[in-house]
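First up is the structure itself, then whatever we jot down about it.
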There are 4 protein chains.
Amino acid sequence: MSVIPATPDAADPGSAARKGRPRSDRAHRAILDAARDLLMEEGFSGLRLEHVAARAGVGKATIYRHWGSREELALELLVELAGPHIPVGDSGDTREELLATVMNPLRALTETAFGPVIRALLSQIAMDPRLGDRFRATVVMARRSEVARVVARGIERGDLRPETDAGVATELLVGPVYFRLVFGGELDRDFAERVVANYLDGTAVPVRDVDWF
Amino acid sequence: MSVIPATPDAADPGSAARKGRPRSDRAHRAILDAARDLLMEEGFSGLRLEHVAARAGVGKATIYRHWGSREELALELLVELAGPHIPVGDSGDTREELLATVMNPLRALTETAFGPVIRALLSQIAMDPRLGDRFRATVVMARRSEVARVVARGIERGDLRPETDAGVATELLVGPVYFRLVFGGELDRDFAERVVANYLDGTAVPVRDVDWF
Amino acid sequence: MSVIPATPDAADPGSAARKGRPRSDRAHRAILDAARDLLMEEGFSGLRLEHVAARAGVGKATIYRHWGSREELALELLVELAGPHIPVGDSGDTREELLATVMNPLRALTETAFGPVIRALLSQIAMDPRLGDRFRATVVMARRSEVARVVARGIERGDLRPETDAGVATELLVGPVYFRLVFGGELDRDFAERVVANYLDGTAVPVRDVDWF
Amino acid sequence: MSVIPATPDAADPGSAARKGRPRSDRAHRAILDAARDLLMEEGFSGLRLEHVAARAGVGKATIYRHWGSREELALELLVELAGPHIPVGDSGDTREELLATVMNPLRALTETAFGPVIRALLSQIAMDPRLGDRFRATVVMARRSEVARVVARGIERGDLRPETDAGVATELLVGPVYFRLVFGGELDRDFAERVVANYLDGTAVPVRDVDWF
DNA sequence: TCGTAAACGAGACGGTACGTCCTGTCTTAAC
DNA sequence: GTTAAGACAGGACGTACCGTCTCGTTTACGA
């Protein structure tokens, strides 16, 4: 899932026939890997392009040729790492799918490089439109649609009430995971199950219309 | 809620008799104000102590005398701004108190300087133990206790089921708010009400024991 | 007469093939000129590299890339300014050559930038081996050899006594000039002539072996 | 030989009855000693009043109360150290007195603290009128008068020619010593004797009026 | 097969900010 | 009213990176 290059690409796709030496995939990949490692170690504000270049064995200018800014580089990294953890398959079991909806990001955050990377980028996403808007337009939107599909299937199956509010389902299921990522607390299967349980059952004492007893 | 000074303070509290010219409250206050403004404008990584000093009309060394690092300064700011928005009074109405539990941080984030400031500091909180641990030990802990009290009162009143899981209540009620802060979406009273409604009622189709009809 | 660069230069002189963008001669020259002016205005201890950089339109780091320290920069300046004023040509007239030996440094000190610059650096030369040793090894040594040649020619011509002490000739001829530079007094041709006259004729009443008169 | 205090002293000595705590001689002395040591170690530009204050066990403000500037402090030091080495007694032997004229400053420079201190201050004397003018008006003037007296006695005794140029005698006798102080070379009795020998006898081949033989 | 053109690595460029140090002034409490 | 202590505003230090700009070299395509 590539991000728009720094300079060219506006080019015609058909005529093609680009001149000069082509961009080096090796360099592209090496930069992304180096950036990922350094981002995890130092955070976004500690991400020095000079260090990325050194670790990747690349000239600084090459980074600017491919991305144009630290933010664009970070975004490509983010999208690349987030992508695989979004889909929730149709398992036929609503509770199971809801659990997957919580466990997918939870696992991505705790077991893959996506965790440290997004930790490092949370503030940028929250503040910088260049990064935030594009992250929202891609990753967050994909996640929301996936959750909406899970809810729809749940309603269809008669497991969720028809009026279930899909508009806040992502917040209710995934919000708690990100809350703990930032503010601390266990991020494990037990936590995910408690979130799902509350999501399904609520906490209120049921209104018994059997009050004619 | 003061943060430990950079250097002295080891001193005896009772006998006192501090030597030399005392620290300037005016400078302390001016630095905090300037830092708050610049943090909101530029983010944490764009927070230049040189600019803070200039805007506060203060020497750079004075900042280091009072705090010793950007992070400590940011933490004092955060604690100072977060403090007022945590308590939830006993209103007698559980739903109302739950709504306040959601609306308090929501309003702090959208209507006060706390919003921009914590946006700027999310990554630091999530990554840097110096800042994160102390933020968790103060602000987050205070919030969790407050939520636990609200849940306890709800159970006592018979509005919440006795087995209600207080350990994830903060995540369920406040997590969605922070999720939207970072990943976008309306942050208004309607949102808060939907969160509370889901928290109380869940989404599952109620199990009707009238199925022997 | 160049001074050793801050970092590279270890390089092969023949094969060459230097990597990266080459050092800028324009910057080198601009820094030397700015340093000269500021040294003359403010003295060595008042020579702020930040001001040199600003006046030369150059980044501070560029100065450190080329010289590594204020002292090395000052030395190159000194050597560059001192060089032209050392040689004394063979005029055939010993008194004339001795006068040139005094007038050369006198004119350099009073009529060129070398005067203010060395005034500013006297203490460094006298105290700091980094600067002093290298100044002695280049400029002072060159001056001493030149004076020794003048004395040798004078002896050869029969104008100076054969046992004339070349080892203190520089001190006797040039010492008085530097003395006045520091401690005050006219520095003009008349002064130079009086120094040469005393050097040649001494002050003692001649021992007349004609005492049989 | 005290230098004018920074602030008070304008006061009348008779009426007296100065108010408040009197100045501390201990502090004055301790500051001078600390300044001397640090000047010898670090040079004038490395002389930090903060370090002087610390080493003397004194508040920084006290230094400013007594001297008002680094230069005034340095001057008092210089005058105090130079004073003892100027007088040349009447020994009856002109060559001996001339040797003392050379050896006095030579010994002061090599065997006492005056050497390192004046090394450190040469540039200031040569450049800064505040220091230079007052040094010239006191120490240099005293030296010149002393040399003039030695020359006068030499003429009177018939050892020096009546037309001997007293106006450059100091330069010819003491200049070589300072030259070596800055630019290197042995500073010992042998050097002094060679300087005196040249001063008395010159270097020119004597004009023999026996050419009518 | 040979230009031509662009990307490559390297590293210097003019800058900005860092965190430290020191300046000369000020504000305390103690004497 | 001076003292030691130490905070104050200011400013330079030498270092580290920024994003841009040459360099000489490498790699592809079309003439």
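For the numbers below, each heavy atom of this structure counts, side chains included, while hydrogens, waters and symmetry mates do not. All chains are named by letter (A, B, ...) in the order of the sequence lines, taking the proteins before the strands, and each is independently numbered beginning at 1.
Counting to the nearest Å, the C1' atom of F:dT2 and the OH atom of D:Tyr64 are 18 Å from each other. Regarding C:Arg23, its CZ atom lies at a distance of 11 Å from the C1' atom of E:dC13, rounded to whole Å. Taking atom CZ of residue A:Arg65 and atom C1' of nucleotide F:dC21, one finds them 11 Å apart after rounding to whole Å. The distance from atom CG of D:Leu49 to atom P of E:dT23 is 5 Å, rounded to the nearest whole Å. Regarding D:His51, its NE2 atom lies at a distance of 12 Å from the C1' atom of E:dT20, rounded to whole Å. Put simply, CZ on C:Phe44 is 16 Å from P on F:dA12, counting in whole angstrom units. The CG-C1' distance, from D:Leu73 to E:dG24, rounds to 15 Å in whole Å. The distance from atom CD1 of A:Ile63 to atom P of E:dG11 is 15 Å, rounded to the nearest whole Å.
With DNA chain E read from its 5' end, the first of the two nearest nucleotides for C:Gly57 and B:Glu50 is the one closest to C:Gly57. Across the interface with DNA chain F, nearest-nucleotide mapping of D:Gly59 and B:Val58 shows D:Gly59 to be the residue nearer the 5′ end.
Taking only side-chain nitrogens and oxygens, A:His66 comes nearer than 4.0 Å to OP1 or OP2 of E:dC8. A sub-4.0 Å separation between OP1 or OP2 of F:dT22 and a side-chain N or O of C:Arg21 is present. Put simply, B:Thr62 has a side-chain N or O that comes within less than 4.0 Å of OP1 or OP2 on F:dA9.
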| query | Can B:Leu77 and B:Leu73 be said to form a side-chain contact (heavy atoms from CB on, under 4.5 Å), step by step? | reply | CA-CA 6 Å; B:Leu77 212 46; B:Leu73 171 53; 5.5 Å; no
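Using a cutoff of 4.0 Å between basic side-chain nitrogens and carboxylate oxygens, C:Arg29 and C:Asp25 are not scored as salt-bridged. Salt bridge status for D:Glu42 with D:Arg55: absent, with no side-chain N to carboxylate O gap under 4.0 Å.
The base of E:dG24 sits within donor-acceptor range of the side chain of D:Lys60, with an N or O pair under 3.5 Å. Not a single donor-acceptor contact under 3.5 angstrom links the side-chain atoms of D:Arg48 to the base of E:dC22.
Nucleic acid contact class of B:Arg26 (heavy atoms, under 4.0 Å, all strands): sugar-phosphate only. Within 4.0 Å (heavy atoms only), D:Ala53 reaches no atom of the nucleic acid at all.
Between C:Trp67 and C:Ile31 the shortest side-chain heavy-atom distance falls below 4.5 Å.
Side chains of C:Glu76 and C:His28: a donor-acceptor N/O pair is present below 3.5 angstrom, by distance only.
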